Amino acid sequence: LFCGKHKHDVISRIKYYLGGFILSWVSALAVYASAVYNTAIARSNTDIVMNAVIIIFIVDVDEYLHKGIQAVQSLMGRQGFIEDENDAKITKLSATIETLSGKLEKNDEEIKK
């Protein structure tokens, strides 16, 4: 869906498209609400500028909080709090590799005889 590469299946591409569409829609709605709010309460140009600066400040604080949450999640992932399912898969794969390497050693010994 709207993508030339078939890296993801159709369901994933639809999810990505809808997520991007919703994010764009929410951003446009926020711009519209800010413009309407500023024109409704501002009595002068300095009030409009002041309100715009406050909105930009709030957006920056939100971005910093988001980066902090991502950093905490990254640290938690390294400590094993999040990736338990992947750890189980890795353990299972390493056991399978050990089993296969044991079988290969037995086959090598039989070939040498």
Side-chain angles (χ1 to χ4, degrees):
L1 186 77
F2 303 116
C3 181
K5 296 181 180 179
H6 296 286
K7 184 177 178 180
H8 302 286
D9 61 344
V10 175
I11 304 272
S12 295
R13 290 189 291 178
I14 290 172
K15 287 179 183 178
Y16 292 141
Y17 176 76
L18 288 177
F21 179 77
I22 290 170
L23 184 62
S24 298
W25 186 77
V26 168
S27 298
L29 183 64
V31 168
Y32 173 75
S34 297
V36 170
Y37 174 77
N38 273 335
T39 56
I41 67 164
R43 295 183 182 164
S44 66
N45 289 339
T46 56
D47 288 340
I48 291 174
V49 171
M50 186 176 68
N51 290 336
V53 169
I54 290 170
I55 290 171
I56 291 171
F57 175 75
I58 291 171
V59 169
D60 282 343
V61 169
D62 180 55
E63 288 179 8
Y64 286 129
L65 287 174
H66 186 259
K67 287 179 183 178
I69 289 170
Q70 283 182 332
V72 169
Q73 284 180 340
S74 176
L75 289 174
M76 289 175 65
R78 283 192 221 132
Q79 294 174 356
F81 295 124
I82 294 175
E83 302 287 333
D84 291 337
E85 184 178 328
N86 289 339
D87 290 341
K89 288 179 183 177
I90 290 171
T91 304
K92 184 178 177 182
L93 287 173
S94 64
T96 304
I97 290 171
E98 289 176 13
T99 304
L100 291 175
S101 64
K103 288 181 180 180
L104 283 173
E105 288 176 6
K106 287 180 184 178
N107 287 340
D108 285 343
E109 289 175 6
E110 289 177 8
I111 290 173
K112 288 180 182 177
K113 289 179 183 181

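Being a predicted model, the structure only gives us computed values, none of them experimental.
Ile41 and Ile48 sit in two unconnected hydrophobic clusters of ILVMFWY residues. Membership requires side-chain heavy atoms under 4.5 Å apart, directly or through other members. There is a path of hydrophobic side-chain contacts, each under 4.5 Å, that joins Tyr17 to Ile14. Transitive grouping of hydrophobic side chains (ILVMFWY, heavy atoms separated by less than 4.5 Å) keeps Tyr16 and Trp25 in distinct clusters.
Asn51 contributes atom CG, which lies 10.5 Å from atom OG1 of Thr39 (distance to the nearest 0.5 angstrom). Distance CG/Leu104 to OG1/Thr99: 11.0 Å, rounded to 0.5 Å. Rounded to the nearest 0.5 angstrom, Ile55 CD1 and Met50 CE are separated by 11.0 Å. Atoms CG and OG, from Asp47 and Ser44 in turn, are 4.0 Å apart once rounded to the nearest 0.5 Å. Leu29 contributes atom CG, which lies 9.0 Å from atom OG of Ser34 (distance to the nearest 0.5 angstrom).
Within a 6.0 Å sphere centred on CG of Asn45, heavy atoms belonging to other residues, nucleotides or ligands number 12 at most. In the displayed structure, Ile11 atom CD1 is contacted under 6.0 Å by at most 12 heavy atoms of other residues, nucleotides or ligands.
In this structure, the side chains of Leu65 and Val61 come closer than 4.5 Å at one or more pairs of heavy atoms.
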Evaluate Asp62 against Ile58 for side-chain contact (heavy atoms from CB on, under 4.5 Å), listing each step before the verdict. CA-CA 6 Å; Asp62 180 55; Ile58 291 171; 5.6 Å; no
